[in-house]
Amino acid sequence: MTQFLPATFSLVAAAAMLIAGCSPSHPDAPRRSKAPFGSVDGKEVFLYTLRNNAGMEARITNYGGIVVSLLVPDKSNTPGDIVLGYDSLSSYLKATPYFGAIVGRYGNRIGRAHFTLDGKEYTLNANDGPNTLHGGLKGFDKVVWDADESTPATKASLTLSYLSKDGEEGYPGNLKATVVYTVTDSNELRIDYAATTDKPTVLNLTHHSYFNLAGAGNGDILSHELMLNADKFTPIDSGLITTGELKPVEGTPMDFRTPTAIGARIAAKDDQLRFGRGYDHNWVLNRTGEGLSLAARVTEKTSGRVMEVWTTQPGIQFYSGNFLDGTNIGKGGKPYAYRTGFCLETQHFPDSPNKPSFPSTVLRPGENFTSTTVYKFSAR
Ligand code: BGC
């Protein structure tokens, strides 16, 4: 893998590294490197590696902002890749259920592919029956983002930006989105989102990694134990569109307030599970203040890995990989069968543009949208 040193990387820093023997824990040692990954739409695509000094490494491409691999230590301190994905760019271009991608302009579903904003009706590209899913036909997961290589490579972070033009997929306004991925020294994958627009628009940015804490391709996720910090969820209809209600989880298979195996109630006779073909719902997070708050914790006993999700967002989509069917052949030639990965997508509530009682997803000129989500890993 070739390493790159940005323009700002000074000769003094390079000399300091030489003196320090280039030890990876030295503050001037590069924490970000870059390798070619192919090209899309005539634009070069790269695979960036971010590493910390505690055994964690993320490989991220500027195509779709996709996290291609995420190495996280297990209880015996052995790193393992815990996200589903592919070895090559061409596989991502062929077919992917949003493996590891940044999803936008509007993550999750907008019912009937339309919404009204300030009295004006907007029609979007439908790509999920009559509805729009994850931004439409060519969402933020399928475009080449610009990587800002002027940020110091001594920090394990990658800044990606994308200008979504006025009218793209039917959404109003030129929207400038920036996503910063950081691998922290406390074994976190931190994602900072920011956006501005020149016309009123709607926005719901999220990240779509499929996790398997036992390792990608190592069986299903049904014995993973999940805690969701939510007293309520947003029920869906048979087309997976939110009904507008906030329903208490109490007494339902949606109650994950105490850690419960994902598979414990997934086959229960329940309309919500039937509509979602398993879990594919948004939970209303119990929030404290405006900052990062604990949304979810997942533990996997054999590896000992624990993942916590912290976010500034009001909701989280827990999707139990119900549409995986073994046809996606992933890294190392491993097929990803039914429910072999789960997603925890921090977000605003699905179909908010058509649900006035939900927290607003409208972004107006002059406003700066920001949000942060942290996936924090440990092992025990
Ligand atoms: C959605 C699922 C969808 C999946 C696509 C999830 O975020 O909630 O309904 O099938 O993404 O892979």
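All values below were derived from every heavy atom in this structure, side-chain atoms included, with hydrogens, water molecules and symmetry-related copies excluded. Please read all numbers here as calculations on a predicted model, not as lab measurements.
For the side-chain hydrogen bond (donor to acceptor under 3.5 Å, both in side chains) test with Arg32, the passing option among Thr151, Thr154, Thr49 is Thr151; the others fail. Tested against Arg109, the residues Asp128, Thr132, Thr242 include a single side-chain hydrogen bond (donor to acceptor under 3.5 Å, both in side chains) partner, Asp128. When Thr206, Thr372, Thr373 are each tested for a side-chain hydrogen bond (donor to acceptor under 3.5 Å, both in side chains) with Thr311, only one passes: Thr373.
Note on Lys301 versus Glu225: salt bridge recorded, some NZ/NE/NH1/NH2 to OD/OE distance being below 4.0 Å. Note on Arg31 versus Asp185: salt bridge recorded, some NZ/NE/NH1/NH2 to OD/OE distance being below 4.0 Å. Using a cutoff of 4.0 Å between basic side-chain nitrogens and carboxylate oxygens, Asp118 and Arg364 are scored as salt-bridged. Taking the charged nitrogens against the carboxylate oxygens, Arg257 and Glu250 do have a contact shorter than 4.0 Å, which makes a salt bridge. Ion pairing between a basic and an acidic side chain is recognised when a charged N comes within 4.0 Å of a carboxylate O; Arg305 and Glu300 show no such pairing. Asp255 has no carboxylate O lying under 4.0 Å from a charged side-chain N of Lys232, or vice versa, which leaves the two without a salt bridge.
Within 6.0 Å of CZ in Arg265 there are more than 12 heavy atoms belonging to other residues, nucleotides or ligands. Around CD of Glu367, the count of heavy atoms belonging to other residues, nucleotides or ligands within 6.0 Å exceeds 12.
In the model, Ser90 has a side-chain atom that pairs as donor or acceptor with a side-chain atom of Ser88 under 3.5 Å. Between the side chains of Arg59 and Ser69, at least one donor-acceptor pair of N or O atoms lies under 3.5 Å. Using modelled atom types, one finds no donor on one side chain facing an acceptor on the other under 3.5 Å when comparing Glu345 with His207. Side-chain N/O atoms of Asp192 and Tyr181 include no donor and acceptor closer than 3.5 Å. At a cut-off of 3.5 Å, with distance as the only test, a side-chain donor of Gln317 or Gln347 sits close to an acceptor on the other residue. There is no side-chain donor-acceptor pair under 3.5 Å between Asn174 and Asp166.
Here the side chains of Leu205 and Ser371 are not in contact, with every heavy-atom distance at 4.5 Å or above. Pro248 has its side chain out of reach of Asp231: every pair of non-hydrogen atoms, C-beta onward, lies at least 4.5 Å apart.
Not a single donor-acceptor pair under 3.5 Å links the side chain of Tyr98 to the backbone N or O of Ser209. In this structure, Thr61 contributes its side chain and Leu47 its backbone to no donor-acceptor pair below 3.5 Å. Formation of a donor-acceptor pair under 3.5 Å by the Asn282 side chain with backbone atoms of Ile316 is found in this model. Remark: the backbone N or O of Asp237 is not paired with any side-chain donor or acceptor of Thr243 at under 3.5 angstrom. Looking only at distances, no side-chain donor or acceptor of Arg274 sits under 3.5 Å from a matching main-chain atom of Gly278. Looking at Asn62, its side chain never comes within 3.5 Å of a backbone N or O of Val144 through a donor-acceptor pair. A donor-acceptor distance shorter than 3.5 angstrom exists from the side chain of His281 to the backbone of Gln272, with no hydrogens or angles considered. In terms of modelled atom types and a separation under 3.5 Å, the side chain of Asp198 and the main chain of Gly173 share no donor-acceptor contact. Tyr171 places no side-chain N or O within donor-acceptor distance of the main-chain N or O of Leu203, the cut-off being under 3.5 Å. Put simply, the side chain of Asn212 never gets that close to the backbone of Ile82: no donor and acceptor are under 3.5 Å apart.
Tracing side-chain contacts under 4.5 Å through hydrophobic residues (I, L, V, M, F, W, Y), one never reaches Val180 starting from Leu50; they form parts of separate clusters. Both Tyr193 and Leu285 sit in one connected hydrophobic cluster of ILVMFWY residues. Membership requires side-chain heavy atoms under 4.5 Å apart, directly or through other members. The cluster map of Ile, Leu, Val, Met, Phe, Trp and Tyr, joined by side-chain heavy atoms under 4.5 Å apart, puts Met227 and Ile266 in different clusters. In terms of hydrophobic clustering, with Ile, Leu, Val, Met, Phe, Trp and Tyr side chains grouped at heavy-atom distances under 4.5 Å, Ile110 and Val103 are assigned to different clusters. By the rule that hydrophobic residues join a cluster once side-chain heavy atoms approach within less than 4.5 Å of another member, Leu160 and Val83 end up as members of one cluster.
Annotation: side chain to side chain contact (heavy atoms under 4.5 Å, CB included) contacts of Thr123 (sequence neighbours excluded): none.
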| field | Step-by-step side-chain contact (heavy atoms from CB on, under 4.5 Å) determination, Asn187 to Lys376 | value | CA-CA 6 Å; Asn187 279 356; Lys376 183 175 176 56; over 6 Å; no

| request: Go through the steps to decide whether Thr234 and Leu246 satisfy the test side-chain contact (heavy atoms from CB on, under 4.5 Å), and finish with yes or no. | output: CA-CA 5 Å; Thr234 53; Leu246 308 184; 3.6 Å; yes

| task | Would you please test Glu308 and Leu344 for side-chain contact (heavy atoms from CB on, under 4.5 Å) and show each step? | result | CA-CA 10 Å; Glu308 286 184 353; Leu344 284 169; over 6 Å; no

| task | For Lys138 and Glu169, run side-chain contact (heavy atoms from CB on, under 4.5 Å): C-alpha distance rounded to whole Å, both residues' side-chain angles, the deciding distance at 0.1 Å, then the answer. | result | CA-CA 7 Å; Lys138 191 172 179 181; Glu169 294 296 320; 3.6 Å; yes

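Rounded to the nearest 0.5 Å, atoms CE (Met56) and OH (Tyr375) are 11.5 Å apart. Distance check, rounded to the nearest 0.5 Å: NZ of Lys355 to OG of Ser360 gives 14.5 Å. The line from CG of Leu175 to OG1 of Thr201 is 6.5 Å long, rounded to the nearest 0.5 Å. Atoms CD1 and CZ, from Ile241 and Phe275 in turn, are 12.5 Å apart once rounded to the nearest 0.5 Å.
Taking the six-membered ring for Trp, His114 and Tyr122 have ring centres at least 6.0 Å apart. A ring-centre distance under 6.0 Å is not found for Tyr106 and Phe115. For Phe318 and Tyr279, the ring centers sit closer than 6.0 Å to each other.
Ring pair Phe358/Phe349 is perpendicular by interplanar angle, where above 60° counts as perpendicular and below 30° as parallel. Between Tyr86 and Tyr92, the ring-plane angle classifies as perpendicular under the 30° and 60° cut-offs. In this structure, Trp283 and Phe233 have tilted ring planes: the angle between them lies in the 30° to 60° band. Using a 30° and 60° split on the angle between ring planes, His224 and Phe342 fall in the perpendicular class, above 60°. Note: Phe99 and Tyr210 have perpendicular aromatic rings, judged against thresholds of 30 and 60 degrees for the angle between ring planes.
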Check residues 334-341 and write down every donor-acceptor pair under 3.5 Å in which the side-chain atom is one partner and the other belongs to a residue at least two apart or another chain.
from, atom 1, to, atom 2, distance (Å)
Lys334, NZ, Asn218, OD1, 3.1
Tyr336, OH, Gly85, N, 3.3
Tyr336, OH, Gly85, O, 3.1
Tyr336, OH, Lys331, N, 3.3
Arg339, NE, Asn322, OD1, 3.0
Arg339, NH2, Arg277, O, 2.7
Arg339, NH2, Asn322, OD1, 3.4
Thr340, OG1, Ala337, N, 3.4
Thr340, OG1, Ala337, O, 2.6

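In terms of heavy atoms, Ala230 sits closest to Val249 at O-CG2, 3.7 Å.
Cation-pi contact between Lys34 and Tyr48: absent, since separation from the ring centre below 6.0 Å together with deviation from the ring axis within 45° is not met.
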